[in-house]
Amino acid sequence: MEHPAEAGGLQKGEGIMKKRNHWKLMLQLSGLVKPLSGYMVLAVLMGLAGHLCATFITVFAGFALLAGLGEPVPVSITLLFICMGGFAIMRGILRYGEQACNHFIAFKLLALIRDKVFLALRRLCPAKLEGKEKGSLISVITSDIELLEVFYAHTISPALIALLFCTGISLFLGSYHPVLGILAMVFFLIVGIVIPMAVSGLNGQAGMRFRTMSGSLSSFVLDSLRGLPEILQYHAGDKRMKEMREQTEALCIEEARMKKLSGWNTAVTNTVIWVADLAMLFVSAWLFWNGMVEFEGVVISTLTLMSSFGPVVALAALGSTLQNTFAAGNRVLDILEELPVTEEIKGRETIEFSGAGAEKVSFSYGQEEILHKVSLDIPRGAVVGIQGKSGSGKSTLLKLFMRFWETGKGEVKISGCSVDKINTANLRNMESFMTQETHLFHDSIADNLRIAKPDASQEELEQACKKASVHDFIMSLPKGYDTLVGELGDTLSGGEKQRLGLARAFLHDAPFMLLDESTSNLDSLNEAVILKSLYEERKGKTVVLVSHRKSTMGIADRVYSVEHGRMS
């Protein structure tokens with residue numbers, strides 16, 4: 001049994017998680033906003049203006065109260081009420097504009113991030129993904145990226161707005177007396193920074209544990225659905241359900257802990273705000289008693305502080321919710337920053353296929369050597385067989401020809417040129433690779449085949465399927481080539497899927513065909529038909545047949561035997 005997962009950096013589970021502190025993580029995530037920085041500036045300006053409007057409704061109401069008590073005020077009471085009405089209207093408009101900008105930025109960035117993640121997965125495939133839990137990957141692509149909406153829509157601009165707003169309010173209160181401005185700034189810092197950081201510290205790695213457990217549960221459910229026939233056959237349903245309940249309960253316990261901490265966060269924040277309001281009232285009253293401020297300073301300072309905690313309360317609430325977001329951001333960045341086993345090669349001269357070979361190739365998965373000084377020659381136009389027991393390294397050798405992994409020692413060559421010096425697109429265009437497992441998408445047969453050649457005509461599809469001895473079967477289906485194959489091709493047998501995989505290889509029409517156990521799921525009659533077709537279509541083709549069946553080797557011009565990674 002070969003171990004492809006051991007060659008990559010992303011192992012089963014979560015792989016190697018990079019440790020980033022929250023500041024570095026926020027900086028990296030914020031860097032992605034650069035293409036939309038204009039919208040971010042607009043969101044901050046509208047948010048700042050909107051909060052100022054909301055606060056000064058209360059401030060102007062205070063001035064109106066003072067006017068009613070006979071105290072001198074800067075403007076007439078009529079103008080005060082007109083301004084309050086204008087502030088109320090503008091607050092609604094500006095709030096809408098701020099939220100519209102923030103969510104436009106968030107959803108646009110989520111689309112860009114998804115695009116980046118899919119490109120990263122393409123780079124990492126197959127070597128770095130073969131050992132990765134599929135449920136965990138699905139969790140990253142869907143829910144983890146979706147959670148970043150909290151950061152982009154409700155964190156970046158609110159944090160900038162809070163900074164500018166609190167600075168402005170502190171200066172305004174400081175105009176009555178410096179002590180009042182300093183007092184306000186101290187409580188703004190406590191609510192907006194100290195409390196969120198303390199809550200974040202108490203949360204520890206809860207967010208990462210929650211995301212990891214959620215991904216594991218997704219993988220478990222996906223695995224259970226795929227293995228449902230076996231579960232039913234061997235009466236393993238109770239055991240799987242018990243394990244699923246245990247994972248679900250553990251996830252619920254972790255979530256309850258996070259929500260409890262969030263509740264404490266809200267309670268502490270509201271208590272501190274209450275204390276701040278009382279402190280402002282008593283300090284301003286003391287200053288008034290000592291003749292350091294007017295009565296206006298007591299009323300306006302207290303009312304201003306009471307109405308100005310909106311921006312920092314939004315930040316305080318993020319202390320607990322951001323744990324999940326930061327965990328999601330870490331998982332997304334891990335994929336974006338993961339280095340592939342083989343980098344894509346571009347910019348070199350295009351070559352034509354004229355044969356292939358391997359010279360003293362050695363290769364290991366981790367510490368386990370799979371191939372040892374393997375050499376073989378594959379002349380142009382020949383059918384070459386590679387025979388050996390399961391786990392002897394036959395499939396690995398084909399993957400080295402595809403350059404899915406870098407050769408440890410020795411060289412794998414196409415047309416006399418090492419594969420690590422050939423443009424990746426050029427290399428793949430020269431090769432048709434059929435693996436032991438044929439993956440079919442939940443789509444029509446025709447579209448599944450066109451993966452090999454997107455612009456293929458119906459006639460080309462039929463010709464490829466005839467060569468793979470599957471055309472008659474397709475035509476017997478109700479909708480022929482438009483028949484849906486079901487998720488993972490579950491509506492087809494193993495042999496039918498394998499013949500469709502072979503049809504893909506024929507359709508790609510590359511000069512170098514690498515067929516890994518291409519007839520393992522076929523009966524003797526269908527195998528004979530396909531081998532006959534391969535033999536007849538060999539003109540202009542070079543074929544490598546990997547199989548443990550001696551019958552498959554009947555059409556080979558030469559046969560190599562692999563035993564324990566050594567060629568004989």
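Judged as a side chain to side chain contact (heavy atoms under 4.5 Å, CB included), and not counting sequence neighbours, the contacts of S415 are I351, F353, S354. Applying the side chain to side chain contact (heavy atoms under 4.5 Å, CB included) test to S37 and every residue at least two apart in sequence or in another chain returns nothing. Evaluation of the side chain to side chain contact (heavy atoms under 4.5 Å, CB included) rule for A505 yields S432, M513, L515 as partners, not counting sequence neighbours.
Contact annotation: the side chain of E352 never approaches that of P511 to less than 4.5 Å [non-hydrogen atoms, C-beta and beyond]. For the pair L36/L109, a side-chain contact is recorded, criterion being any heavy-atom separation below 4.5 Å from C-beta on.
Checked for salt-bridge contact, K239 and E243 meet the test: a charged N lies under 4.0 Å from a carboxylate O. Residues D516 and K399 are not paired through a salt bridge, judged by the lack of any N-O separation under 4.0 Å between the basic side chain and the carboxylate.
Taking OG1 from T407 and CG from D420, the interatomic distance works out to 7.0 Å, rounded to the nearest 0.5 Å. Rounded to the nearest 0.5 Å, atoms CG (L217) and OG1 (T248) are 4.5 Å apart. The distance from atom CG of L376 to atom CD of E359, rounded to the nearest 0.5 Å, is 10.0 Å. Taking NZ from K346 and OG1 from T424, the interatomic distance works out to 8.5 Å, rounded to the nearest 0.5 Å.
A perpendicular orientation is assigned to the rings of F441 and H439, their planes being inclined by more than 60° (bins at 30° and 60°).
Annotation: E230, atom CD; neighbour count of heavy atoms from other residues, nucleotides and ligands within 6.0 Å is above 12.
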